[in-house]
Amino acid sequence: MTKGFDAEDLARSAALGDAEKPSQVGNFISVEFDDEDRVASYLFDADIQGYKGWRWCVTVAKVDASAQPTVCDVVVLPGPDSLMAPEWIEYKDRILPEDIQPGVIVPSVLDDTRLVPGANALIQDEDLDAAQIYELGLARPRVLSIEGRDQASKRWYTGDRGPNTPLAQNAPKPCQSCGFFIPIAGSLRASFGVCANAIAPDDARVVSVDHGCGAHSEATLPN
């Protein structure tokens with residue numbers, strides 16, 4: 001096939017045949033040739049409501065150099081400036097804490113990498129030895145995996161209740177030396193605790209040991 005063969009009218013007719021209205025097939029834009037495979041793709045503006053910037057793409061082919069061109073496919077494709085729907089994101093990857101309102105249930109994800117079977121629980125996280133967990137039936141179906149533990153630690157430490165906030169950097173002393181600091185149980189005990197000071201901005205929240213605020217229990221004592 002040579003680039004001189006003319007199938008624009010054939011391609012336009014094919015697009016008109018697929019369009020709901022003739023007005024939806026606009027001006028000719030361009031044509032791309034594949035001489036080796038005897039294929040050409042014709043592009044026309046698609047004036048379709050809700051498809052701004054899209055084009056009709058009509059693929060035309062020839063069996064050999066002397067054959068008449070035939071239509072292989074008619075589709076509507078996005079152009080470089082097309083209005084596109086945003087990429088779909090699974091609910092589990094886009095849900096936010098504020099989305100959890102009274103009565104809202106978030107379905108459990110069986111393959112959640114943040115969790116592992118309860119049999120893999122660290123003893124220090126359960127406050128019981130293995131025999132007690134087994135005999136008393138106190139094991140949870142799933143517990144935090146290493147990945148889940150790592151994600152939580154990083155999120156807490158780099159968040160508003162870690163050491164790098166203006167509140168913490170201007171505190172007289174860190175949380176770990178505060179009388180209102182309650183270390184959490186388990187393997188994260190060395191890094192995090194809960195604030196129990198009613199007048200502190202982080203009361204009842206998890207804070208890092210090196211977080212801090214102006215309501216430290218020993219703030220009035222000399223260093």
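FYI, side chains are in, hydrogens and waters are out, and symmetry mates aren't considered; it's all heavy atoms of this structure. What you are looking at is a predicted structure, and each value in this text was computed from that prediction instead of being measured.
- Side-chain N/O atoms of Tyr157 and Asp210 include a donor and acceptor closer than 3.5 Å.
- Connection of Met84 to Tyr51 is established within a shared hydrophobic cluster, with ILVMFWY side chains joined at heavy-atom distances below 4.5 Å, either directly or through further cluster members.
- Around atom CD of Glu87, no more than 12 heavy atoms belonging to other residues, nucleotides or ligands sit under 6.0 Å away.
- Judged by distance alone, the side chain of His211 and the main-chain N or O of Pro174 form no donor-acceptor pair under 3.5 Å.
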Might you work through the side chain to side chain contact (heavy atoms under 4.5 Å, CB included) test for Trp56 and Leu43, ending with a clear yes or no?
CA-CA 5 Å; Trp56 290 98; Leu43 296 179; over 6 Å; no

Would you check, one step at a time, whether the test side chain to side chain contact (heavy atoms under 4.5 Å, CB included) holds for Lys52 with Ser82?
CA-CA 6 Å; Lys52 180 180 179 181; Ser82 296; over 6 Å; no

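- Within a 6.0 Å sphere centred on CZ of Arg114, heavy atoms belonging to other residues, nucleotides or ligands number 12 at most.
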Run Leu167 and Asp202 through side chain to side chain contact (heavy atoms under 4.5 Å, CB included) and show every step you take.
CA-CA 11 Å; Leu167 183 69; Asp202 296 317; 4.0 Å; yes

Passes side-chain hydrogen bond (donor to acceptor under 3.5 Å, both in side chains), Arg161 versus Ser208? Steps please.
CA-CA 6 Å; Arg161 292 176 289 281; Ser208 68; over 6 Å; no

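- The neighbour count for Asp160 CG, taken as heavy atoms of other residues, nucleotides or ligands under 6.0 Å away, does not exceed 12.
- Ile184 and Val207 fall into different hydrophobic clusters, where Ile, Leu, Val, Met, Phe, Trp and Tyr are joined by side-chain heavy atoms under 4.5 Å apart, directly or via other members.
- The closest side-chain donor-acceptor pair between Glu147 and Thr113 falls under 3.5 angstrom.
- The environment of CD in Gln68 is sparse: at most 12 heavy-atom neighbours from other residues, nucleotides or ligands sit within 6.0 Å.
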Before giving the answer on side chain to side chain contact (heavy atoms under 4.5 Å, CB included), spell out for Arg55 and Ile29 the whole-Å C-alpha distance, their side-chain angles and the decisive distance to 0.1 Å.
CA-CA 9 Å; Arg55 293 102 170 268; Ile29 299 175; 3.3 Å; yes

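- In the hydrophobic cluster analysis, where Ile, Leu, Val, Met, Phe, Trp and Tyr join through side-chain heavy atoms closer than 4.5 angstrom, Phe181 is grouped apart from Phe192.
- Here CG of Leu10 is found 8.0 Å from OG1 of Thr70. Values are rounded to the nearest 0.5 Å.
- Remark: Arg94 is positioned above the aromatic ring of Trp88, its terminal NZ or CZ atom under 6.0 angstrom from the ring centre and at most 45 degrees off the axis.
- In this structure, Asp18 contributes its side chain and Ala15 its backbone to no donor-acceptor pair below 3.5 Å.
- Using a 4.5 Å cut-off between side-chain heavy atoms of Ile, Leu, Val, Met, Phe, Trp and Tyr, with links allowed through other members, Phe180 and Val209 fall into different hydrophobic clusters.
- The pair Arg38-Asp34 does not meet the salt-bridge criterion, since no charged nitrogen lies less than 4.0 angstrom from a carboxylate oxygen.
- Between Phe44 and Phe28, the ring planes are perpendicular. Angles over 60° get that label, and only those under 30° would be called parallel.
- Side chain of Tyr42 to backbone of Ser30: no donor-acceptor contact under 3.5 angstrom is found.
- Here the straight-line distance linking atom SG of Cys175 with atom NE2 of His216 works out to 7.0 Å at 0.5 Å rounding.
- Using modelled atom types, one side-chain atom of Asn170 and one backbone atom of Pro166 make a donor-acceptor pair closer than 3.5 Å.
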